[in-house]
Amino acid sequence: MEKVLKNCKVLVTGGAGFIGSNLVESLLLNGNNVVCLDNFSTGKRVNLKDFITNPGFQLIEGDIRNYSDCENAVRGIDYVFHQAALGSVPRSIKDPVTTTDVNIGGFVKMLFASKEASVKRFIYAASSSTYGDHPDLPKVEDKIGSPLSPYAITKYVNELYASNFAKTYGIEVIGLRYFNVFGRHQDPDGAYAAVIPLFVKTFMKHGSPLINGDGTFSRDFTYIDNVVQANHLAAIVTSQKAVNQIYNVAYGERTSLNQLFEYIQVIAGRFDKDILKIKPSYGPERAGDIPHSLASIEKAKKLLGYAPTHNVREGLEKSVEWYLKNL
Ligand SMILES: NC(=O)c1ccc[n+]([C@@H]2O[C@H](COP(=O)([O-])OP(=O)(O)OC[C@H]3O[C@@H](n4cnc5c(N)ncnc54)[C@H](O)[C@@H]3O)[C@@H](O)[C@H]2O)c1
């Protein structure tokens, strides 16, 4: 990766989580001093093990719902990469109150503390769920529908707050709408695990991965390295046209769940031939799920210079291998 943020002081909220820990690692590799604010609600200490002793790294155990933790974390920071949130559509349907507290209340606290500390830019994790029931494919940033879950509402409200703060207070913001991210450090356990680590883990135990629906639903699965690249680019971009914007961050291709099952099976089957005999199980569709998702990445390409390096198969090769070594 050539265009990267270097030698700055940055804050990654949610830095013990899947995306956050990958971002921290890359920021440290490029000579940045990194503060991580995390309450370990879904994040894991093991995700920090490769850099916890790095002198450029500082961990603050705290909560974005607590304003003094936010103030403490942003002190002296140039760039904020706000990743902390409670993910998962099903979790938000089960417990909309906590999801809203963290994803909206915590977001506004981090944003306000960042503005008060005069950070250079606030880059935050937005979500493809904001497209809601809008039928168009591919998804283009300015055409969204009604959100289909409490989680999607929180992510949309984040965009509204960020845009309002940019106008009201002049803070620079960039929202990155991630599409189904996958890769190393993504949690395969628990009721709200994402589909790729769940499939890999089930294959490894010789179980039959459960596909919700008939397997024709599709997603623009996005390898973590593409997401890390987009975050660097959002920090270093200088054109004012590119700032105070929302961008899709994806690969720009869609893969059905049936295809995904096959891709993972073939890769994992190279390490364990018995996996090749496994058939999927099919269950009911999940509430709040949309049938298909595919991003247009033209805006990020044009304004940020985004150029994703891994398609879904290339990302799966790396991810499955990582899980086989680390689970
Ligand atoms: N993974 C995806 O496919 C995807 C897609 C779209 C958007 N996103 C967004 O990207 C961000 C990161 O997601 P992820 O997949 O890495 O999830 P994750 O659960 O692995 O990471 C979230 C991190 O935030 C921390 N956190 C949660 N609540 C907190 C609080 N109150 N105070 C401090 N820290 C808190 C967690 O402990 C965890 O370390 C989230 O904002 C999520 O909504 C993710």
Side-chain angles (χ1 to χ4, degrees), residues 11-25 35-48 59-70 72-73 80-89 91-92 95 97-111 113 123-131 139 149-159 162 175-198 219-224 226-228 230-231 246-251 293 295 312 315 319:
L11 167 64
V12 180
T13 68
F18 156 48
I19 296 172
S21 59
N22 280 285
L23 187 54
V24 170
E25 192 169 24
V35 176
C36 160
L37 172 64
D38 205 297
N39 71 348
F40 293 95
S41 54
T42 59
K44 293 187 168 170
R45 277 170 215 282
V46 67
N47 289 343
L48 308 176
L59 172 65
I60 298 180
E61 267 192 75
D63 197 307
I64 57 167
R65 287 167 292 183
N66 180 347
Y67 189 68
S68 64
D69 287 347
C70 301
N72 198 8
V80 175
F81 296 91
H82 180 59
Q83 310 300 310
L86 286 176
S88 163
V89 164
R91 186 207 314 270
S92 77
D95 182 3
V97 175
T98 312
T99 295
T100 302
D101 265 3
V102 173
N103 294 11
I104 299 181
F107 183 90
V108 176
K109 285 177 182 134
M110 268 316 310
L111 184 59
I123 296 144
Y124 64 97
S127 165
S128 60
S129 63
T130 294
Y131 288 103
K139 306 292 180 196
S149 67
Y151 171 73
I153 295 172
T154 68
K155 288 289 171 178
Y156 179 46
V157 170
N158 288 177
E159 295 185 6
L176 300 175
R177 276 187 199 154
Y178 303 156
F179 281 66
N180 295 78
V181 190
F182 69 97
R184 57 192 175 274
H185 295 183
Q186 191 170 29
D187 193 354
D189 297 315
Y192 305 121
V195 59
I196 290 175
L198 200 54
R219 296 286 180 269
D220 196 335
F221 292 105
T222 308
Y223 185 57
I224 182 67
N226 302 329
V227 172
V228 169
N231 276 277
I246 307 282
Y247 297 94
N248 288 341
V249 175
Y251 186 74
S293 181
V312 67
S319 310

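In what follows, residues are counted from 1 in the order of the sequence shown. Both ligands and their constituent atoms are indexed starting at 1 by order of listing. Just so you know, these numbers come straight off a predicted model, no measurement behind them.
Ligand 1 lies out of reach of Phe179, whose nearest heavy atom is not under 4.0 Å from it. At a 4.0 Å cut-off, not a single heavy atom of Arg177 sits close enough to ligand 1 to count as contact.
Checked by atom type and distance alone, the side chain of Asp38 pairs as donor or acceptor with a backbone atom of Ala16 at under 3.5 Å. Distance alone, capped at 3.5 Å, places no donor-acceptor pair between the Lys109 side chain and the Tyr67 backbone. Side-chain N or O atoms of Asp101 include none that pairs as donor or acceptor with a backbone N or O of Arg65 at under 3.5 Å. At least one donor-acceptor pair closer than 3.5 Å links the side chain of Asp220 to the backbone N or O of Tyr251. Here the side chain of Asn231 pairs no donor or acceptor atom with the backbone of Phe81 at under 3.5 angstrom.
Checking only distances, Phe18 does come within under 3.5 Å of ligand 1, N or O to N or O. In terms of N/O distances under 3.5 Å, ligand 1 is not approached by Gly20. Checked against a 3.5 angstrom limit, the closest N/O atoms of Gly17 and ligand 1 fall inside it. Residue Ser41 places at least one N or O, backbone or side chain, under 3.5 Å from an N or O of ligand 1. The N/O atoms of Tyr178, backbone and side chain alike, include none that comes under 3.5 Å of an N/O atom in ligand 1. Ligand 1 has no N or O atom lying under 3.5 Å from any N or O atom of Gln186, backbone or side chain. When only interatomic distances are considered, the shortest N/O to N/O separation between Ile19 and ligand 1 falls below 3.5 Å. On a distance-only criterion, Ser127 and ligand 1 share no N/O pair closer than 3.5 Å.
Near Arg65, meaning under 4.0 Å from any of its heavy atoms, are these atoms of ligand 1: 31 (N). The contact set between ligand 1 and Gly62, taken as ligand atoms under 4.0 Å from a residue heavy atom, comprises 32 (N), 33 (C). Listed by number with element, the atoms of ligand 1 under 4.0 angstrom from any heavy atom of Gly43 are 36 (C), 37 (O), 38 (C), 39 (O). Those atoms of ligand 1 that come under 4.0 Å of a heavy atom in Phe40, given as number and element, are 37 (O). Within the listing of ligand 1, atoms 40 (C), 41 (O), 42 (C), 43 (O) sit less than 4.0 angstrom from a heavy atom of Lys155. Close approach to Ala125 involves these atoms of ligand 1, each under 4.0 Å from a residue heavy atom: 9 (C), 10 (O), 11 (C), 41 (O). Close contacts of ligand 1 with Gly14, meaning ligand atoms under 4.0 Å from a residue heavy atom, involve 23 (C), 24 (O), 25 (C), 39 (O).
Inter-residue side-chain proximity for Ile19 and Val227 is flagged as met; some heavy-atom pair is nearer than 4.5 Å. The closest side-chain heavy-atom distance from Ile224 to His185 is not below 4.5 Å. Between Arg177 and Lys155 the shortest side-chain heavy-atom distance does not fall below 4.5 Å.
Ranking the protein heavy atoms by distance from atom 32 (N) of ligand 1 puts Ile64 N, 3.0 Å first. The protein heavy-atom contact nearest to atom 31 (N) of ligand 1 is Asp63 OD1, 2.8 Å. Atom 40 (C) of ligand 1 has as its closest protein heavy atom Gln83 O, 3.1 Å. Looking only at protein heavy atoms, the nearest one to atom 7 (C) of ligand 1 is Ala126 O, 3.3 Å. With hydrogens left out, the protein atom closest to atom 37 (O) of ligand 1 is Asp38 OD1, 2.6 Å, a heavy atom. For atom 43 (O) of ligand 1, the nearest non-hydrogen atom of the protein is Tyr151 OH, 2.7 Å. In this structure, atom 18 (P) of ligand 1 lies nearest to the protein heavy atom Thr42 OG1, 3.7 Å. For atom 3 (O) of ligand 1, the closest non-hydrogen atom on the protein side is Val181 N, 2.8 Å.
Using cut-offs of 30° and 60° for the angle between ring planes, the Phe107 and Tyr124 rings count as perpendicular.
When Val249, Asn39, Asn66 are ranked by how near their heavy atoms come to atom 35 (C) of ligand 1, first place goes to Asn39.
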Derivation of the side-chain contact (heavy atoms from CB on, under 4.5 Å) call for Asp69 and Ile60
CA-CA 8 Å; Asp69 287 347; Ile60 298 180; 5.6 Å; no

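Taking all atoms of both residues into account, the shortest heavy-atom contact from Tyr178 to Gln83 is OH-OE1, 2.8 Å.
A cation-pi geometry, defined here as NZ or CZ lying under 6.0 Å from the six-membered ring centre and within 45° of its normal, does not hold between Arg91 and Tyr151.
Remark: atom 16 (O) of ligand 1 lies closer than 4.0 Å to at least one protein heavy atom.
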